[in-house]
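Data first, discussion second: the structure below is written as structure tokens.
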Amino acid sequence: LTEILSLDLIQILFFFFSLPQEGKRNILVTSALPYVNNVPHLGNIIGCVLSADVFSRYGRLRGWNLLFVCGTDEYGTATENKAREEGLTPQQICDKYHAVHSSIYKWFQIDFDFFGRTTTEKQTEIAQNIFWRLHEHGFLVEDTVEQLRCENCQRFLADRFVEGTCPHCSYPEARGDQCDKCGRLINAVELREPQCKVCRQTPVIRSSKHLFLDLPKLENQLEQWLEKSTSTGDWTVNAKQITRSWLRDGLKPRCITRDLQWGTPVPHPDFKEKVFYVWFDAPIGYLSITANYTDKWEKWWKNPQQVELYNFMAKDNVPFHSVVFPCSLLGAQDNYTLVSHLVATEYLNYEDTKFSKSRGVGVFGDMAKDTGIPSDVWRFYLLYVRPEGQDSAFSWADMALKNNSELLNNLGNFINRAGMFVTKFFEGCVPAMELQQEDKKLLAVVGWELQQYIQLMDKVKIRDALKHILNISRHGNQYIQVNEPWKKIKGGDTERQRAGTVTGVSVNIACLLSVMLFPYMPSVSHTIRDQLNAPQSCINTMLQGSGSFVCTLRAGHRIGTVSPLFQKLEVDQIEALKKRFGGQQVFDVYELLLLLLEVAAVNGVDPEKAKQLAQAVAEQGDKVRALKAQKAEKAVITAEVAKLLDLKKQLAAAEGKSPEPAPQKSKKK
């Protein structure tokens, strides 16, 4: 008690409300931990943190006791490689990019209770504890495995640093752990035509002793738990399908150790030179991040009777959250809270292609704020096209269309008109309302839309629920248009009363919309409530229970200053942004030289031309090396190498030399 009395009010609230409470719905929300060295693109943002943020904000409006945690996944080869590229230590890379992630999510208004990281003492402590419990209960097995080693880079290749052709579906860009096309798990040595992603050399197979999680031994426990969780919880269809496909194929022991340096150390003396494999280690980050938030973390993570766990992610992360991580926790036999609701999105593409940082294609998190488009508009559009049931695509033209039609002409138009009528016709005070049958019918329709919104949001149908907000403002615009309060205000007492009723009803609907919008567009929601001078009670009442549309702006309530909420996105503005993020336009020396050769006859030795070609060869060589450093697509690099060889032939001709034939590579049979 003495400790509590020494805290200020915010700390006291934090003290009481950061833990599960008896008699309340206690919700623990996690968002898949982003790799620290990757700047997240729009697809990453909608697939994980933004979807989780919307649901968390909604849950708090519903009065649930909710904790939302996330953080950067910082261990593994990807971090080691990034550190080598930038001439920093792995820890310095983690510190640098953790700050980048934090800044991006802050701009997107992602309201974590705590955004942590996995490179902490708590991570080591909890991961090693789970490891020893698995070991004690006989769920770990030793085996000698064949691994791919790049002799050129002098290291074993982590799964994500080798790619080749999938042995199951022949997809040519399968990773060393999983195929993004068919979703099947892969052992890297099974890949056909494997390549090291760093140097593009063909790796060799070497043996190494490792520890495995005995998934077959845990399969019965897993299936019993899955049957209950998937039938009672809100698992997305793709999450169920992907999990079933794993079980249908039969579970196999899964390696949990790696020959790396940057990771959580394996505490077993026979494996002291190894670290935990990132997909054993990373999900434990949810626990350690919570432990860095509160010493009472076990009240969330070892409390399945009171706590419901929601996991948000893209579909490629499903198996690790529905099979591997639950098996780790089941095998630990320590009463861990397992996922109740697994929410997975499909993929968001960029226009008609994939996001690519190296090729300058797509909008990444650190670029969005430089477009001049508010973060709430970004949030709205990403949620409008959220890939809930199938892959979807970000489109600049569609974003402009949705902004101008749905936000500006529909939602913004209704809320602005409702407020302006109060200001212009009733001196800033909400008029008295005498409801007629038409008004009651509208209120019933609005109430139905509100209930649909709540039912969908409860089931994490975030994109579909958004449509009901827009439906309400559409109903409101039609209501205003039919009743024409701007005309009736000029008539007799009856007509003026009617104008007042229509205005009062409309401004209260606008207040409801501000509440429903809060999970999607928090800044706009706050602006609307400020303009309407809405009481805090409107936030706390309308989404309770099954939802109730109540009159919170009563007759005589004085509103604030009303102003437009949204701005039009112009065609030239959108075209400029589309061009800017459509890929880097690189000056092509090769094409220029071909043009020069066409207009100038070159006979015999030409010292001036040879000088130009020598410069072109040097620049094209730099271009090829840059593409390789950026890990560009193989086809792109091959095309540029062909141009380089052609330029060298032309240089030899200009110097009066006979071009040497290109050496032929022997093909392995």
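- Taking the side chain as every heavy atom from C-beta outward, Leu342 and Tyr310 never approach each other to under 4.5 Å.
- With contacts defined as side-chain heavy-atom distances shorter than 4.5 Å, the pair Trp297/Ile126 qualifies.
- Inter-residue side-chain proximity for Phe131 and Leu211 is flagged as met; some heavy-atom pair is nearer than 4.5 Å.
- Surrounding CD of Gln154 are more than 12 heavy atoms belonging to other residues, nucleotides or ligands, all under 6.0 Å away.
- Other residues, nucleotides and ligands place more than 12 heavy atoms under 6.0 Å from the NZ atom of Lys302.
- Asp53 places a side-chain N or O within 3.5 Å of a backbone atom of Asp111 that can act as its donor or acceptor partner.
- With hydrogens and angles disregarded, no donor-acceptor distance shorter than 3.5 Å links the side chain of Lys197 to the backbone of Arg175.
- Screening residues 128-145 for side-chain hydrogen bond (donor to acceptor under 3.5 Å, both in side chains) gives His137-Gln333 as the qualifying pairs, with residues at least two apart or on separate chains.
- Between Glu298 and Asn303, the side chains place no donor N or O within less than 3.5 Å of an acceptor N or O (distance only, hydrogens not considered).
- Within a 6.0 Å sphere centred on NZ of Lys354, other residues, nucleotides and ligands contribute 12 heavy atoms or fewer.
- Glu308 and Ser340 share no side-chain donor-acceptor pair at under 3.5 Å.
- Using cut-offs of 30° and 60° on the angle between ring planes, the pair Phe271 and His268 is perpendicular.
- Here the side chain of Lys217 pairs a donor or acceptor atom with the backbone of Gly138 at under 3.5 angstrom.
- Distance CG/Asp214 to NZ/Lys252: 13.0 Å, rounded to 0.5 Å.
- Taking 4.5 Å as the limit, some side-chain heavy atom of Tyr286 sits within range of a side-chain heavy atom of Trp301.
- Counting heavy atoms from C-beta on, the side chains of Val339 and Trp225 come closer than 4.5 Å.
- Side-chain contact annotation: Glu85 with Asn81, donor-acceptor N/O pair under 3.5 Å present.
- Side-chain atoms of Gln92 come within 3.5 Å of backbone N or O of Thr89 as a donor-acceptor pair.
- Residues Ile186 and Asp177 are not in side-chain contact: their nearest non-hydrogen atoms beyond the backbone lie 4.5 Å or more apart.
- Between the side chain of Glu80 and the backbone N or O of Gln261, at least one donor-acceptor pair lies under 3.5 Å.
- Formation of a donor-acceptor pair under 3.5 Å by the His101 side chain with backbone atoms of Pro34 is not found in this model.
- With no hydrogens or angles considered, no side-chain donor-acceptor pair links Arg463 and Ser392 at under 3.5 Å.
- In this structure, Ile462 and Leu383 have side chains that are in contact, with non-hydrogen atoms separated by less than 4.5 Å.
- For NZ of Lys461, the number of neighbouring non-hydrogen atoms (other residues, nucleotides, ligands) closer than 6.0 Å is 12 at most.
- For the residue pair Thr345 / Arg386, no side-chain donor-acceptor distance below 3.5 Å is found, with atom types taken as modelled.
- Using bins of under 30°, 30° to 60° and over 60° for the plane-to-plane angle, the ring pair Trp279/Phe320 lands in the parallel bin.
- Thr294 places a side-chain N or O within donor-acceptor distance of the main-chain N or O of Lys296, the cut-off being under 3.5 Å.
- Counting only N and O atoms by type, the side chains of Gln147 and Arg206 include no donor and acceptor under 3.5 Å apart.
- Looking at Thr337, its side chain does come within 3.5 Å of a backbone N or O of Trp300 through a donor-acceptor pair.
- Side-chain contact annotation: Lys240 with Ser322, donor-acceptor N/O pair under 3.5 Å absent.
- With respect to Arg244 and Glu223, no salt bridge is recorded, no charged nitrogen being found less than 4.0 Å from a carboxylate O.
- Residue Glu173 holds its CD atom at 12.0 Å from CG of Leu191, rounded to the nearest 0.5 Å.
- Between Phe355 and His41, the ring-plane angle classifies as parallel under the 30° and 60° cut-offs.
- Not one N or O on the side chain of Thr118 forms a donor-acceptor pair closer than 3.5 Å with the backbone of Gly285.
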Show the numbers, then the answer: is there a side-chain hydrogen bond (donor to acceptor under 3.5 Å, both in side chains) between Gln123 and Asp281? CA-CA 8 Å; Gln123 176 74 10; Asp281 187 60; 3.0 Å; yes
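- Between the side chains of Glu86 and Tyr97, a donor-acceptor pair is found at a separation under 3.5 Å.
- Side chain of Ser103 to main chain of Ala99: no donor-acceptor pair is present (N/O by atom type, distance under 3.5 Å, no hydrogens or angles).
- Note that the CG atom of Leu215 and the CZ atom of Phe139 stand 11.0 Å from one another [nearest 0.5 Å].
- With a 4.5 Å cut-off on side-chain heavy atoms, Trp262 and Val275 do not count as touching.
- Ring centroid separation for the pair His210 and Tyr277 does not come in under the 6.0 Å cut-off.
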